[in-house]
Each structure stands twice: as C-alpha cells, then as structure tokens.
2 protein chains.
Amino acid sequence: MGLVDYCVDNNRFGYGAMSIAEKVFAALCNAIVRGEIPAGSKISEPELAGHFNVSRASLRDAIGRLEACNLVIRRPNVGARVVSLSDEELLEIYAVREALEGMAARQAAVQMSDTELDELQLLLADDKQRHPNDINNDFHYGIVKGSKNNRLKHILRDDLYHLMCMYRYQLGREGGRASSAAKEHALIMDALRDRDGELAELLMRRHIRLSRQYIEKSLNSL
Amino acid sequence: MGLVDYCVDNNRFGYGAMSIAEKVFAALCNAIVRGEIPAGSKISEPELAGHFNVSRASLRDAIGRLEACNLVIRRPNVGARVVSLSDEELLEIYAVREALEGMAARQAAVQMSDTELDELQLLLADDKQRHPNDINNDFHYGIVKGSKNNRLKHILRDDLYHLMCMYRYQLGREGGRASSAAKEHALIMDALRDRDGELAELLMRRHIRLSRQYIEKSLNSL
DNA sequence: TTTTATAATAATGTCGACAATTTGTCAGGG
DNA sequence: CCCTGACAAATTGTCGACATTATTATAAAA
C-alpha cells in the first residue's frame, strides 16, 4: 500500500490539501500500527527520508506528529523509537479508557439524536468489523462522538486510539472475546436507546473492564 | 524573562540538553499561557524567527510542540493560531478533568506512600500557591502523580494542563473561590490519608464540579 | 457599484548542506 | 582482562534558500 492510498482510505485528512509531511505521517502511522515497523525499533531519519524520497525536514515533521499521538518517543540528540508499552502501561490505558468512555456513554445517552442512534445501530449490525481499525467504523468512537464533547473526542482519537490499534494488531485482536463483546455492545446500545445515561456508563465501564481482564489473562499466560 | 530563564524555572526539561527548538517552545508556551501572545492571534513564523534569532526550522519545530499540547491550532498552508476556546469548550475540559482526576484520586488513595502523602500535605500548607502556575507545586498534579498511572499523568500534563493555566490567567484565577477550594483540598487530603478511594474520588469530582460551576457563573455574568 | 479575473505579495512547505552531539571503535594504561 | 580516553563515523539539530500555496491589491467587465 503506497503513500497516497492510506491517506484517501483514512478520511482524517482531505486528499487535496495534504502536505508531504502529512502523507509521510499517515504512512508511518499505518506502518507502525500494523507492526510493519516493529515496536521498540529505531526511526532512522536518513534511512526513511531515502525510502520515501522526501527531505529530512518533512520526515522530521512527520516524526513530530507521531510523537504527538504517542506512537514514538523522542530523545533529544538521540532520535525516535517506536513505543513499546509494558504490560502495566497497556493496562493503564484501559483504566483511562474506562473513565473516559464511561463518561462518553453517559453523555451520549443524553446528547445523541435519534438518527445518530440509528447510524450507531447500523454500525453495530456488521460488527464483524470489516474495517477493524478504521476509526470511522468503530462502535466505541461512535459513542465518543455522540458525547458531543470535542475535547474528549480529541483525547481518545489523537492520544489513545492509534496506540490501541497498534496493540490490537499485536495481540491478535482479542479474537476469543468477539461474540461476548458484541453482546455487551448491544446492551450499551439499548441503554442509549432508553436514554439511560447511568446504565450506559455502567455497562461501558464493565465492557472495557472485561476487555482489560481478558488482555490481562492473555498476557499472564505468555 | 528571557528564553533560558523559563527553561530552568520549568524543570520539565534539563538545562543542559535543551535544543533551540525546545527553548523556543518553552518561551512561547510561557508567553501564551500568560496571555502575552493573545488567544486567537496568529503565529507568524518569519516574525517570531526574527524575534528569537533562530531559523524557521527551529521555530516550526517549536510550533509543532505547541500544537501537540493544544496551545495552537495549525491549518495546512495557512499557519498556526493561538487557541481561543469557547465557553463550551472550556466547560468540556472541566468535564474531562472531573472524570480523569476523580479516577486519579481513587487510585492515589491506594497507591501513594505515606511519605508522598506527607509531601502532598506540605504542598497543601502553603496553598497561597506562591508559584500558582508551576505544575510541580500543584495539589491536583500531586494527586495525579500519586495515582501512579503514567498515561493519566501524561494526558493531564501534556494535553490539558497548559490550556488550563492559560485560562486561569485569563479569567483571573477564580480568586473568589480560593478559600473554599482550600477547604475542599483539605477534605480530599483527609480521604487520601484514610485510604478511602471511593470518598476521595467523590470529593475530587465535586471539587472540580464546583470549580466548573463557579467559572460557568462568571462566564454568564459577562 | 458590484463582481470577477488577474497579478503582486507574503506566508507556509520543502529541500540540501553545515554544525553539534552522540555512539561506536580502538589503542593505551592500570 | 577490564577500564579509560581519544578518535572516527554516523545521526540529530540548525540554517538559509527555493518552491508552492494562500492572501491581498488591482483592474477590467457586467
């Protein structure tokens, strides 16, 4: 998949007004999330600049964006490395998500319009998730959007989402939990329909907690 | 206050290993938070590069960091502007803080050592807050650190804290609430001492909610 | 007068080259 | 044999100049 392909695929950006740096960022972001650039590996500026046929300035710009969404860690005068989260750090993210997405669910129950709920339900229908890591096709992100809290949306999307996608790829997408997760999604959907914010939050928190526990179990059995 | 002064003052960075870009970032960050660069104003690369006597490359790097901590918004091919939050967006931040810092308080009640609690108490003592906007001298951030959740710490510090400082400056530091806020802090401190996470969360959430309501009232009376 | 097209201006985006710092290597001494 | 120090190689940081895009000013046409 080439540079441009990913960009049009990911409608976070409009096609026309994308700078080289943004394209490189999108490509690197994709490569890191998919594991093509392994966790912990070094990001060599000269090497990648040559690979993409861009200047180091553009590449450095892209690396800055990667750092902003927590996909790489930069050390001054040393360089950038792809993040490699410890088990504890992964669980920390789940703890944050529980608080944040629980809040989102509560707000969404009040804020979402009926048509928005319909769209969310549709999204739930093909929960096989043909585009598993497309943020626009994601039940959780739909609820976050539905909260109508832009700051919340921003934190989840730009600071946590890519990281989570990355580890979902690495850990094999928690395949064994797909069916139970779908059921939990359905229950949350019902609570939203009933405009029951309290229940929606409770169910969302439990849903994320169960995911975390599943991950925790998987990690322990390695 | 010169470029370097801020850097040693803010021990987020070590003095020696600070690149030019980091220094410019620190200076701009400080200037924006203090309102010396007004909200909504444009960030001119040539102008500021001349002002600081650095190249545009370094300045652009600094702007990228400002964008990462939400102090400026960048539009491709147009430039960066200092953020100017609407009333709603400001309240959104409080909503997020309520969820996040509430969680932090709950965890801190379990995770903090006795000596850490002592330090926090000391910090509470001179709550006149001689360095009101120094993150290291902040009761709230002390609790966030005490939660031992690095992801949480990172989100609060790098994504929200600067924004909040900025608006605390603009809105006059919610002066009328200083004494009641101090009392609420003391109550939270007690709950932490008792290792009562549930109560600590409840009190912290209420504390932030009261701050938000105070701000809300101030905004409505303008 | 208003609108539109065009040209001048100034900004951002990008590039290649140089400077400063870190890392790796190797010789010498303990 | 290990440790220390200096040297060499490679990488990151910084710079000035050029290319591209947006904005403004101008002028022509409706």
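If you're wondering where the values come from, they're calculated on a predicted model, not measured in any experiment. The figures that follow rest on heavy atoms only: side chains count, while hydrogens, waters and symmetry mates do not.
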[X] side chain: which of [options] is closest?
X     : options                : value
B:N77 : C:dA17, C:dG13, C:dC15 : C:dG13
A:K42 : D:dG13, C:dT14, D:dT11 : D:dT11
A:I20 : C:dG13, D:dT11, C:dT14 : C:dT14
A:V78 : C:dA11, D:dT14, C:dT23 : C:dT23
B:S58 : D:dT14, D:dT23, C:dT14 : D:dT14
B:S19 : D:dT14, C:dT22, D:dT12 : D:dT14

Output the rounded distance in Å from [atom1] ([X]) to [atom2] ([N]).
X     : N      : atom1 : atom2 : result
A:E45 : D:dT14 : CD    : P     : 11 Å
B:F25 : D:dT14 : CZ    : C1'   : 19 Å
A:R81 : D:dT12 : CZ    : P     : 11 Å
B:I63 : C:dA11 : CD1   : P     : 13 Å
A:R75 : C:dT21 : CZ    : P     : 16 Å
A:E47 : D:dT11 : CD    : C1'   : 12 Å
B:R60 : C:dC15 : CZ    : P     : 12 Å
B:D61 : C:dG13 : CG    : P     : 14 Å

Distance test, side-chain N/O of [X] to OP1/OP2 of [N], below 4.0 Å:
X     : N      : value
A:S55 : C:dT14 : no
B:R74 : C:dG13 : yes
A:R56 : C:dG16 : no

* Asked: Which of these, B:I32, B:V83, B:I37, sits in a side chain to side chain contact (heavy atoms under 4.5 Å, CB included) with B:V72?
  -> B:I32

* So which of A:L91, A:L90, A:L163 actually passes side chain to side chain contact (heavy atoms under 4.5 Å, CB included) with B:R151? -> A:L163

* To do: Return the 5'-most residue of the pair B:P46, B:A57 with respect to DNA chain C, ranking by each residue's nearest nucleotide.
  => B:P46

* May I ask you to say whether A:E116 pairs ionically with A:K148, meaning some side-chain N is under 4.0 Å from a carboxylate O? => yes

* Asked: Within 45° of the axis and under 6.0 Å from the centre of the six-membered ring of A:Y94, does NZ or CZ of A:R97 qualify?
  -> yes

* Can B:R81 and B:S41 be counted as having a side-chain donor-acceptor contact under 3.5 angstrom? -> no

* Asked: Which part of the nucleic acid, if any, lies within contact of B:I43, taking any heavy atom under 4.0 Å across all strands shown: a base, the sugar-phosphate backbone alone, or nothing?
  -> sugar-phosphate

